[in-house]
Amino acid sequence: MAAQYNDRMGDLRYAVRMLRKSPGFTLTVTGLLALGIGANTAIFSALDALLLRPLAVREPQKLIRLVQVIPRLGVTSSFDQEVYRGLQRAKTLSTVFGDGELAIAMDDPKPAEQVRVHLVTPEFFDALGVSALYGRALSASDAADAPGTPPAVLSYGFWQRRFEGDTHAIGRIFSLRGRKFTIVGVMPREFNGISADNTPDIRTPLRVLPLLQFRTPLRADQMALELAARLKPGVTIDQARAECTAIWHAATEVVMRNVHASPDSIAEELSRGLQIESLEHGVSMLRDKFGPAVKSLAAGAALLLLLMCSNVAGLLLARNAARREEMALRLAMGASRGRLMRQMLLESALLAAMGSLGGWAIAEAALPLLAHALPPMRDRMTTQLAFSLDLRPDLRVLLFAIAATILTATIFGLAPALSSSRLPLDSILRGARASRSNGPRSALVVFQVALCTLLLAGAG
């Protein structure tokens, strides 16, 4: 065991020494690998955040959302509170919660601006199971009228922008349309409610709705809500869909009869039906718009990495050709061909490790640029939405980078390692020029030309 350990450490030191003797070669290969791994890591971070990452709440796989498909409007979630009250009696749901949105003028502190405010039902934060980063989240007790200023919770981005990330902002008073509110908490950076990529600036209890309107104010129970729910243990989405549809059907008939809608209008509304969506990955405006493009970018980045690997493999084959005498001498002195292969793979692994560190740095620098390159998001009322997709690399991205490093080390290191194991020892030691095929290098050239053509076609 000790001898094997010493042999391996000796091979490692030798590999480091050989790479240090050729700084130009080492920097070139490291740069090529850093570009390929960095591009893949950055694109995978966007792919992960947009398509793969679960919602940053407790047990997101058990969350559902009620939606309808309306002609010329698409998918929407806006329901009368009669539906909300009916769903609270559902046997398949453990909790039902919702929120409604208003665009409100914030006039204190200065400067004044229009902010997005979500009015949430009492169960909202408890159902999502997320605690505040500072202070506290809204609770069921905040739903009851109480003396003093109503409570409000800030999103992380709004807190950073408007209050400069001041932890002493908890307890401060601000004004919405002349009405005073108290900041009781700031939510974590990754929390967007049920959305994956945008968040309101402020959340307040639903009961404050009459305070934020001028003309013919609505009562709190008259505001339309986006509704979501948490499934009870063991309940499937299909089971919940059947019960929720029946409740929605009955509640919609009650609401439309109360406003004296005609039978034809009631039939038209009910014909739209109700759909249930899983909220495991959250609601996303960017996903529908840019999901296919991100997948295409991921495919292009993978091809780019293969191209870089083939370039590096060609450089290593050329370098090994210049080291034939050195490797032949090591074989003559008793080194096995297996150890020589291991030596070549070890050098490839070191190059891949350095390339992955450079690639991680490139990804860290590129992700903020990618976020700024996205166009502004707007809702159906053309209100600009706060972009809050968390593109920071997480554990899944780190594991992807490690897997990419191992894969690249194997891909570009295998051909040179196999080449070194087939050295014609006798002819090299006699000083004869061995006639050998250039098949591997020719295959690499063909492979590179094919990849370049494919990448250029995809870019076009």
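Heads up: numbering here begins at 1 and tracks the sequence.
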Do [X] and [Y] touch side chain to side chain, with heavy atoms closer than 4.5 Å?
X      : Y      : value
Leu133 : Tyr156 : yes
Lys180 : Asp108 : yes
Leu87  : Leu66  : yes
Asp142 : Arg136 : yes
Lys295 : Leu47  : yes
Pro151 : Thr204 : no
Trp248 : Leu274 : yes
Arg58  : Arg230 : yes

From [X] [atom1] over to [Y] [atom2], what is the distance, rounded to the nearest 0.5 angstrom?
X      : Y      : atom1 : atom2 : result
Leu398 : Phe400 : CG    : CZ    : 11.5 Å
Thr121 : Tyr84  : OG1   : OH    : 4.0 Å
Leu33  : Leu357 : CG    : CG    : 11.5 Å
Leu297 : Ile43  : CG    : CD1   : 4.5 Å
Leu63  : Leu128 : CG    : CG    : 6.5 Å
Arg161 : Leu154 : CZ    : CG    : 10.5 Å

Minimum heavy-atom distance [X]-[Y], with the two atoms named:
X      : Y      : answer
Gln222 : Gln81  : N-NE2, 3.8 Å
Ser77  : Val67  : CB-CG1, 4.2 Å
Phe124 : Gly98  : CD1-O, 3.9 Å
Ile37  : Gly355 : CD1-C, 4.1 Å
Leu225 : Gly100 : CD2-N, 3.8 Å
Leu212 : Ile104 : O-CD1, 3.8 Å

**From CA spacing to verdict: side chain to side chain donor-acceptor pair (under 3.5 Å), Thr149, Thr182** = CA-CA 6 Å; Thr149 56; Thr182 300; 2.3 Å; yes

**Prompt:** side chain to side chain donor-acceptor pair (under 3.5 Å) with Glu82: which residues, sequence neighbours excluded?
**Reply:**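 So Glu82 forms a side chain to side chain donor-acceptor pair (under 3.5 Å) with Arg85.
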
**Message:** Once side chain to side chain donor-acceptor pair (under 3.5 Å) is applied, do any residues pair with Arg287, and if so which ones, sequence neighbours excluded?
**Reply:**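 Result, side chain to side chain donor-acceptor pair (under 3.5 Å) vs Arg287: none returned.
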
**Prompt:** Under the side-chain hydrogen bond (donor to acceptor under 3.5 Å, both in side chains) rule, what pairs show up with a residue in residues 395-405, not counting sequence neighbours?
**Reply:**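 Only Asp48-Arg396 qualify under side-chain hydrogen bond (donor to acceptor under 3.5 Å, both in side chains).
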
**Asked** Tell me, which pairs form a side-chain hydrogen bond (donor to acceptor under 3.5 Å, both in side chains) where one or both residues lie in residues 349-370, sequence neighbours left out?
**Response**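 Matches after skipping sequence neighbours: Trp360-Glu364.
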
Distance-only criterion, 3.5 Å: show the donor-acceptor pairs between side-chain atoms of residues 23-32 and protein atoms not counting sequence neighbours.
{"unit_1": "Thr26", "atom_1": "OG1", "unit_2": "Leu19", "atom_2": "O", "d": "2.8"}
{"unit_1": "Thr26", "atom_1": "OG1", "unit_2": "Ser22", "atom_2": "O", "d": "2.9"}
{"unit_1": "Thr28", "atom_1": "OG1", "unit_2": "Gly24", "atom_2": "O", "d": "2.8"}
{"unit_1": "Thr30", "atom_1": "OG1", "unit_2": "Thr26", "atom_2": "O", "d": "2.7"}

Only pairs under 3.5 Å count here: list side-chain donor-acceptor contacts from residues 275-283, not counting sequence neighbours, and write none if there are none.
{"unit_1": "Glu277", "atom_1": "OE1", "unit_2": "Arg65", "atom_2": "NH1", "d": "3.1"}
{"unit_1": "Ser278", "atom_1": "OG", "unit_2": "Glu280", "atom_2": "N", "d": "3.3"}
{"unit_1": "His281", "atom_1": "ND1", "unit_2": "Leu52", "atom_2": "O", "d": "3.2"}
{"unit_1": "His281", "atom_1": "ND1", "unit_2": "Arg53", "atom_2": "O", "d": "3.2"}

**Prompt:** Going through the checks in order, is the side chain to side chain donor-acceptor pair (under 3.5 Å) test met by Ser155 and Asp201?
**Reply:** CA-CA 5 Å; Ser155 69; Asp201 301 311; 4.8 Å; no

**Message:** If the condition is ring pair (Phe, Tyr, Trp, His ring centres under 6.0 Å), which residues does Phe174 pass it with, not counting sequence neighbours?
**Reply:**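 If we apply the ring pair (Phe, Tyr, Trp, His ring centres under 6.0 Å) test to Phe174, skipping adjacent residues, the hits are Phe181.
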
**Request:** Could I get the full list of ring pair (Phe, Tyr, Trp, His ring centres under 6.0 Å) partners for Tyr134, not counting sequence neighbours?
**Result:**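 Result, ring pair (Phe, Tyr, Trp, His ring centres under 6.0 Å) vs Tyr134: Trp159.
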
**Message:** Could you walk me through whether Thr92 and Glu243 satisfy the side chain to side chain donor-acceptor pair (under 3.5 Å) test, starting with their C-alpha distance in whole Å, then the side-chain angles of each, then the deciding distance to 0.1 Å, before giving a yes or no?
**Reply:** CA-CA 7 Å; Thr92 56; Glu243 185 180 26; 2.6 Å; yes

**Message:** As a quick check of understanding, evaluate side chain to side chain contact (heavy atoms under 4.5 Å, CB included) for Thr252 and Leu270, giving each step before the final call.
**Reply:** CA-CA 8 Å; Thr252 301; Leu270 294 177; 3.9 Å; yes

Exam field: side chain [X] to backbone [Y], donor-acceptor pair closer than 3.5 Å:
X      : Y      : result
Asp107 : Gly178 : yes
Asn192 : Thr199 : no
Asn40  : Ala301 : yes

**Prompt:** After noting the C-alpha distance and the side-chain angles of Thr76 and Ser78, does the key distance pass the side chain to side chain donor-acceptor pair (under 3.5 Å) rule?
**Reply:** CA-CA 6 Å; Thr76 182; Ser78 180; 5.6 Å; no

**Request:** Take Val186 and Val153 through the side chain to side chain contact (heavy atoms under 4.5 Å, CB included) test and state the conclusion after the steps.
**Result:** CA-CA 6 Å; Val186 175; Val153 170; over 6 Å; no

**Contacts of type side-chain contact (heavy atoms from CB on, under 4.5 Å), residue Ser262, not counting sequence neighbours** =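 Scan of Ser262 (side-chain contact (heavy atoms from CB on, under 4.5 Å), adjacent residues dropped) gives Asp264, Ser265.
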
**Sidechain N-carboxylate O distance under 4.0 Å for Asp99, Arg203** =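 No.
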
**Pairs touching residues 218-237 that satisfy ring-ring contact (aromatic ring centres under 6.0 Å, His included), sequence neighbours left out** =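 Output for this query is empty, none listed.
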
**Asked** Could you walk me through whether Arg207 and Asp145 pass the salt bridge (charged side-chain N to carboxylate O under 4.0 Å, His left out) check?
**Response** CA-CA 7 Å; Arg207 66 176 172 86; Asp145 289 329; 3.7 Å; yes

**Item:** Pairs satisfying salt bridge (charged side-chain N to carboxylate O under 4.0 Å, His left out), at least one member in residues 249-260, at least two apart
**Value:**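 Sorted result for residues 249-260: Glu253-Arg257.
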
**Message:** For Arg179, give me all partners under salt bridge (charged side-chain N to carboxylate O under 4.0 Å, His left out), at least two apart in sequence or on another chain.
**Reply:**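 Scan of Arg179 (salt bridge (charged side-chain N to carboxylate O under 4.0 Å, His left out), adjacent residues dropped) gives none.
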
**Request:** Report the C-alpha separation of Met223 and Leu206 in whole Å, then their side-chain angles, then the decisive distance to 0.1 Å, and conclude whether the side chain to side chain contact (heavy atoms under 4.5 Å, CB included) test is met.
**Result:** CA-CA 9 Å; Met223 185 177 197; Leu206 182 59; 3.9 Å; yes

**Request:** Kindly indicate, with the supporting measurements, whether the criterion side chain to side chain contact (heavy atoms under 4.5 Å, CB included) is fulfilled by Met106 and Gln114.
**Result:** CA-CA 6 Å; Met106 182 177 185; Gln114 182 169 281; over 6 Å; no

